[in-house]
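FYI, side chains are in, hydrogens and waters are out, and symmetry mates aren't considered; it's all heavy atoms of this structure. Predicted model only: the values in this text are computed from it and were never measured. Position 1 is the first residue of the sequence; numbering continues from there.
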Amino acid sequence: MLNELDISGMLELRLKHQRRNAQCESVEERLARFIKLQAASMALLRTSPKGYQNFLRRNYKSRRAEVIDGVWHPVSVDRRTPEA
């Protein structure tokens, strides 16, 4: 079973690997890879209508906002900024 140190070490190695790869690629290459990943993701979503509906539901739920005293605030905890 993995403990927290093993997981943090694995995450650190992954970030190091990603940084090294990013330095080897030009901006155009990174953008081309991003576009390819986006296209593959959308193709995968299109294969499952139910999966696509679940994706949209989660996406819209995380983007909900409400107005408090004339100011828009995200409802989702993931999008809130820490209040000072």
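Between the side chain of Arg64 and the backbone N or O of Pro74, no donor-acceptor pair lies under 3.5 Å. With Glu29 contributing its side chain and Ser26 its backbone, the two residues share a donor-acceptor pair below 3.5 Å. Side-chain atoms of Ser62 come within 3.5 Å of backbone N or O of Asn59 as a donor-acceptor pair.
Here Gln23 contributes atom CD and Arg30 contributes atom CZ; the two are 9.5 Å apart, rounded to the nearest 0.5 Å. Rounded to the nearest 0.5 angstrom, Glu66 CD and Trp72 CH2 are separated by 9.5 Å.
Contact between Ile68 and His73 at its shortest, heavy atoms only, is CB-CD2, 3.6 Å.
Leu45 and Tyr60 fall within a single hydrophobic cluster, where Ile, Leu, Val, Met, Phe, Trp and Tyr side chains are chained together by heavy-atom contacts under 4.5 Å.
Taking a 6.0 Å sphere around CD of Glu12, one finds it holds 12 or fewer heavy atoms contributed by other residues, nucleotides or ligands.
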Derivation of the side-chain contact (heavy atoms from CB on, under 4.5 Å) call for Leu13 and His17: CA-CA 6 Å; Leu13 282 173; His17 178 74; over 6 Å; no

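Residues Phe55 and Met42 are not in side-chain contact: their nearest non-hydrogen atoms beyond the backbone lie 4.5 Å or more apart.
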